Amino acid sequence: MLAFVRYAQDDPVHYRALFMSGTPADKADCPDEVNPAYRLVAERVAGCLEQGVLAGDATAISTVLWTTAHGAASVLVTFGHRPADSPDAYAAAVVDNALAGLRARPATRL
């Protein structure tokens, strides 16, 4: 997730074109099995579920983490160093907080 946020920071023009164009994505572009980045998150979530690190619905967990990465990336691309002095520290805190919430209780189906 942090690598995804870093990509957005490193290439904000491309990130905006891909993810913030304002054009609704068609079904094939939505985060599901056909999206390689989402698939990577889903694979990691499956590993965490197998190891007992996370519990609950795999799709719900994957979607929350996908949303977390996109949210952090979008804020940094749009607002630069806000809301924190360090973009890397901001991204890490957002991801850590999302994971803490997911570890605190099983995720329910969305």
Side-chain angles (χ1 to χ4, degrees):
M1 292 171 36
L2 293 176
F4 184 85
V5 176
R6 171 56 53 200
Y7 161 76
Q9 290 177 276
D10 290 345
D11 194 352
V13 172
H14 194 221
Y15 180 83
R16 280 188 189 102
L18 286 173
F19 300 110
M20 300 173 73
S21 68
T23 304
D26 67 25
K27 186 170 174 57
D29 293 328
C30 292
D32 61 13
E33 302 82 36
V34 299
N35 185 303
Y38 181 86
R39 187 173 49 242
L40 182 61
V41 171
E43 288 170 3
R44 298 301 190 268
V45 166
C48 289
L49 290 168
E50 288 172 16
Q51 294 178 14
V53 175
L54 296 173
D57 182 77
T59 301
I61 296 168
S62 298
T63 302
V64 166
L65 294 177
W66 177 255
T67 302
T68 298
H70 274 292
S74 296
V75 165
L76 289 171
V77 165
T78 303
F79 299 106
H81 287 90
R82 301 291 177 248
D85 291 332
S86 166
D88 291 337
Y90 167 74
V94 169
V95 169
D96 287 346
N97 285 322
L99 289 170
L102 290 167
R103 284 191 298 262
R105 64 178 177 81
T108 57
R109 186 161 175 78
L110 302 174

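All values reported here derive from a predicted model rather than from experimental measurement.
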Look only at the side chain of D11 and the backbone of Y7, and say whether a donor-acceptor pair between them is shorter than 3.5 Å. no

Drop me the distance from R109's CZ to T63's OG1, to the nearest 0.5 angstrom. 9.5 Å

For residues A8 and A73, report the shortest heavy-atom separation together with the two atoms involved. CB-CB, 3.6 Å

From OG (S62) to CZ (R39), nearest 0.5 Å: 12.5 Å

Determine whether the aromatic ring centres of residues F4 and F19 are separated by less than 6.0 angstrom. yes

Side chain proximity check, L102 to L65, heavy atoms < 4.5 angstrom: yes

Using a 4.5 Å cut-off on heavy atoms from C-beta on, say whether the side chain of Q9 contacts that of D88. yes

Please name the pair of heavy atoms, one in T68 and one in A98, separated by the smallest distance, quoted to 0.1 Å. OG1-CB, 3.5 Å

Atom of L76, atom of A91 and distance for their closest heavy-atom approach: CD1-CB, 4.4 Å

Heavy atoms only: give me the nearest P12-V77 pair and the separation to one decimal. CB-CG1, 4.0 Å

Note: V45 and A58 closest approach over all heavy atoms is CG1-O, 3.9 Å

Of all the heavy-atom pairs spanning I61 and A107, show the shortest one and how long it is. CG1-CB, 3.4 Å

Looking at CG of L40 and CE of M1, how far apart are the two atoms once the value is rounded to the nearest 0.5 Å? 11.0 Å

Parallel, tilted or perpendicular: rings of W66 and H70 (30°, 60°): perpendicular

Partner residues of T78 under the side-chain hydrogen bond (donor to acceptor under 3.5 Å, both in side chains) criterion, sequence neighbours left out: none

